[in-house]
Amino acid sequence: MAFSAGFSPHPKVSYANSAPTGVASEAEYFEVGVTERCDPAAVRAALDAALPPGLDIVAVVEARSPDFVQRLEASIWQIELPGLGVAEVEIAARKLLAQGEVTVERRTKNGVRAFDARGPVVSVSVEPGSGCAILRAVVRHTTPSVRPDDVLKALRQVAGLVPPAPPRVTRLAQGPLDPVGATVGDPFAHDRAPLAAAKT
Amino acid sequence: MGNLGHMTVSDLARRGESVFDRLELLLPLVSKPIQYVGGELNATLKPWDDVQVHWVLMYPDAYEVGAPNQGVQILYEVINERVDALAERTYAVWPDLEALMREAKVPQFTVDGHRAVGDFDLFGLSFSTELGYTNMLSALSLGNIPLLARERDDSHPIVIAGGHAAFNPEPISDFIDAAVLGDGEEAVLLITDLTRDWKAAGCPGGRMGLLLELAKTGVIYVPACYDVEYLADGRIQRVIPNQPEVPWRVRKHTLMDLDSWPYPKAPLVPLAETVHERMSVEIFRGCTRGCRFCQAGMITRPVRERSITGIAEMVENGLKRTGYEEVGLLSLSSADHSEIADIARNLADRYEGSETALSLPSTRVDAFNVDLANELSRNGRRSGLTFAPEGGSERLRKVINKQVTEEDLIRTVTTAYSAGWRQVKLYFMCGLPTETDEDVLQIAQLARDVIKAGREATGSRDIRCTVSIGGFVPKPHTPFQWAAQLDHATTDARLAKLRDAIRADRSYGKAIGIRYHDGKPGIVEGLLSRGDRRIGAVILAAWQDGARFDGWSEHFSYDRWMSAADRALADQCVDVDWYTIRERAKTEVLPWDHLDSGLDSEWLWEDWQAALDEVAIDDCRWTPCFDCGVCDQMETQIQVGPTGVTDLPMPMAPARAPVAEAATQPGR
């Protein structure tokens with residue numbers, strides 16, 4: 001692993017768009033600088049062995065260009081809403097999408113900050129789960145980032161949607177925004193593609 | 001506990017089951033939830049039914065403080081290496097989670113298997129400080145274990161206290177079933193054996209049957225087996241066994257030959273941030289410097305060194321199994337290892353050019369210590385060095401037996417500043433026996449001299465000195481166990497004078513930082529340190545009033561403790577002052593006199609008198625024995641070098657396979 005130069009060297013690891021605390025995720029990404037070329041499969045196995053159960057390294061690729069973080073354009077969030085039916089969530093979702101802008105507030109280290117939680121929401125779908133409605137949202141990464149709880153705040157504001165029990169949130173994917181807006185692509189595609197194809 | 005007669009079938013099914021599903025719902029609502037999930041690298045989780053003896057080990061403070069604790073990590077590994085036992089860990093939960101757990105009826109849990117602590121056979125607590133007592137009560141209460149030992153039945157764990165504070169467990173004797181004095185490694189193995197055999201035999205005599213078995217060994221203290229009688233004036237008349245087979249005095253444990261106990265072999269690597277983000281290797285145990293205020297130095301005698309080879313193997317194997325980038329060489333006074341220069345040079349050679357940093361907690365005031373620090377920071381940064389003169393005046397340093405002259409200190413810091421160190425931290429105490437305002441004001445003069453010497457040596461004004469002052473609390477099993485503690489008002493007034501003296505200094509004041517706490521927390525610590533069984537009621541009352549995390553200034557309340565003491569001691573003829581600021585006479589029976597640290601009480605008294613006479617004594621490692629009594633009483637001896645090994649093989653020797661290590665470990 002590479003270390004930064006200077007007075008107090010630290011490991012060259014950068015985490016991109018980490019999911020908020022208390023949220024499950026199946027798609028977290030980070031970049032590690034290394035001092036020599038490594039076999040990605042061996043790196044995957046070594047990291048996986050050191051991580052606790054439930055934290056799995058799914059894939060490791062060798063980066064071909066330094067623009068990885070820019071490729072993480074959007075996330076797909078799955079929000080399970082225990083005790084809510086599909087119909088009421090669908091109505092709320094439609095109300096949200098009908099708005100051009102919904103301002104929500106979040107407490108940060110520097111005080112309360114207000115921002116638009118509607119604009120970055122690209123698409124929303126709702127389906128039934130067991131004892132809950134499952135809302136799926138594709139949300140563009142912006143600054144400040146709009147997180148699942150911000151989307152829920154917006155739903156509460158526009159439609160009075162209040163889940164009777166704490167929602168369970170999972171990030172399903174991150175990657176380049178699909179042109180149609182309904183999903184995101186594989187952010188590793190660029191690094192995985194055969195070299196000739198990547199150059200075109 | 002394993003007494004099946006008291007449990008229904010549904011109880012059986014639930015024992016050892018994870019409560020994580022219920023805990024998980026609360027985690028999004030609390031601060032730093034990662035501290036409760038476990039999953040550390042090198043953590044061990046065994047199936048419940050694979051073993052006969054289940055231990056839960058608690059460090060009664062927040063996870064960030066408790067997780068790096070060496071004592072708990074060592075015992076965790078020693079127990080888990082057995083095929084017939086398992087050990088899991090639990091830590092104090094913050095008040096935000098405590099409230100939610102009570103509401104949702106989630107019990108105190110282990111971070112390994114998220115099992116309820118009440119399910120375990122043995123509940124071991126490691127008390128580095130008395131300020132963890134209230135957190136023990138929270139954990140017992142959250143664990144649905146009766147707070148009072150006498151109210152527990154065969155379905156509850158045996159609660160066992162260890163750690164330095166367990167050398168006077170009397171204040172918590174209402175709450176614990178047993179206490180272990182001294183090194184825990186062999187003690188937990190002994191307790192595990194006795195518990196396993198007792199369970200295999202069908203739990204004869206129930207809970208008290210096992211406690212008696214433990215007490216009969218003479219090395220495990222069971223408070224319920226002893227009665228305390230008092231004199232009319234409140235002093236203790238005597239402490240007597242109430243069972244025929246238990247000894248009058250209970251001995252401490254002393255682990256010999258550290259090389260055969262290379263624990264922790266696989267230190268835990270927490271996911272959450274902790275106070276020590278490094279690996280620690282204990283290079284020796286015990287200290288015979290003889291500083292009179294230092295309980296650790298008195299109760300951990302004799303000195304037992306790990307060899308240079310043993311240390312190098314622990315460093316290498318530990319790094320391999322953890323990935324840590326810093327190794328601290330731990331002990332009570334690391335520069336005192338007889339082969340420290342070779343150790344430092346060899347390790348510095350081995351890891352030169354790697355990202356592995358080495359550190360030595362530096363407190364000894366001499367130039368040799370600076371050389372060591374230079375060696376260990378060859379290619380790293382030289383930010384700060386710490387020295388501990390402890391007493392501000394030459395006279396006071398004689399009283400406390402800290403043999404450092406002002407010239408020593410100036411020479412040492414000059415060497416440090418000249419070698420490129422920019423910041424020197426000096427530790428002192430306030431409230432030492434015989435101390436006057438003048439003694440403490442001399443700290444200001446010392447700090448001025450340090451800066452002056454530093455500026456002259458470096459030709460630079462870019463150097464700093466920070467003085468850090470802790471309040472002195474007299475501790476059991478030390479020569480100062482008879483001393484009066486300084487009241488908090490006088491402590492505060494003295495520190496204010498010192499602060500004003502430093503601030504008023506135009507030429508040096510800005511280069512000197514000063515850190516101290518007010519005197520009130522020290523009074524509560526003093527009450528808990530030298531208290532007797534009557535203090536149990538005070539602890540309980542304070543806890544009921546909300547006392548938690550008493551080592552944290554944002555949670556500590558002096559007034560809460562004083563009001564609890566007023567109520568709990570209302571019908572006694574003793575009060576907080578009686579326990580703290582009162583000097584004891586030679587003839588007084590002290591609450592811990594029936595607990596044998598090996599120190600001869602006659603020797604302790606003579607050393608107390610020598611302190612008052614300002615007479616210093618030397619270290620028995622390099623002068624003849626002073627008859628402190630420990631080696632005779634405990635049948636131990638000093639174990640120090642030279643080993644004859646001055647150079648380790650280069651390049652690095654291949655690490656021993658962990659399997660081979662496990663096979664060579666003693667005691668089983």
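Computed over heavy atoms, backbone and side chain alike; hydrogens, waters and symmetry mates excluded. Residue numbers begin at 1 in each chain, while the letters A, B, ... track the order of the sequences.
- Among residues 87-121 of chain A, no residue has any heavy atom closer than 4.5 Å to a heavy atom of chain B.
- Between Tyr29(A) and Phe188(A), the gap from one ring centroid to the other is short of 6.0 Å.
- Between the side chain of Gln73(B) and the backbone N or O of Leu268(B), at least one donor-acceptor pair lies under 3.5 Å.
- Scanning residues 96-107 of chain B against chain A with a 4.5 Å heavy-atom cutoff picks out nothing at all.
- A 4.5 Å side-chain heavy-atom check between Asn17(A) and Gln174(A) finds at least one atom pair inside the cut-off.
- Two residues are said to be in side-chain contact when any heavy atoms from C-beta on lie closer than 4.5 Å; Leu27(B) and Val37(B) meet this criterion.
- Aromatic rings from Tyr91(B) and Tyr59(B) are positioned such that their centres are separated by 6.0 Å or more.
- If you measure heavy-atom distances from Pro20(A) to chain B, you find no contacts under 4.5 Å at all.
- Here the side chain of Thr466(B) pairs no donor or acceptor atom with the backbone of Gly513(B) at under 3.5 angstrom.
- Using modelled atom types, one side-chain atom of His114(B) and one backbone atom of Tyr36(B) make a donor-acceptor pair closer than 3.5 Å.
- With a 4.5 Å cut-off on non-hydrogen atoms, Glu325(B) touches chain A through its side chain but not through its backbone.
- Here the side chains of Pro262(B) and Glu313(B) are not in contact, with every heavy-atom distance at 4.5 Å or above.
- Two rings, from Tyr63(B) and Trp94(B), have their centers 6.0 Å or more apart.
- Salt-bridge annotation for Glu88(B) and Arg115(B): present, with a side-chain N of the basic residue lying under 4.0 Å from a carboxylate O of the acidic one.
- Distance alone, capped at 3.5 Å, is enough to place a donor-acceptor pair between the Asn42(B) side chain and the Arg321(B) backbone.
- Side-chain contact, Asp462(B) with Ser460(B): no donor N or O sits under 3.5 Å from an acceptor N or O.
- The part of Leu271(B) that comes within reach of chain A is its side chain, from C-beta onward, which places non-hydrogen atoms under 4.5 angstrom from that chain.
- Checked against the 6.0 Å centroid criterion, the rings of Tyr76(B) and Trp55(B) do not qualify as a close aromatic pair.
- With a 6.0 Å radius and a threshold of 12 heavy atoms from other residues, nucleotides or ligands, Gln70(A) has its CD atom above the threshold.
- Contact residues of residues 142-156 of chain A toward chain B are absent (heavy-atom distance under 4.5 Å).
- A side-chain donor-acceptor contact under 3.5 Å links Glu81(B) and Tyr263(B).
- With hydrogens and angles left out, the side-chain atoms of Ser359(B) and Glu326(B) include a donor and acceptor closer than 3.5 Å.
- Residues of residues 33-62 of chain A that come within less than 4.5 angstrom of chain B, heavy atom to heavy atom, are Ala49(A), Ala50(A), Pro52(A) in numerical order.
- No side-chain heavy atom of Glu80(A) sits under 4.5 Å from any side-chain heavy atom of Leu135(A).
- Using a 4.0 Å cut-off between charged nitrogen and carboxylate oxygen, Arg171(A) and Glu28(A) count as a salt-bridge pair.
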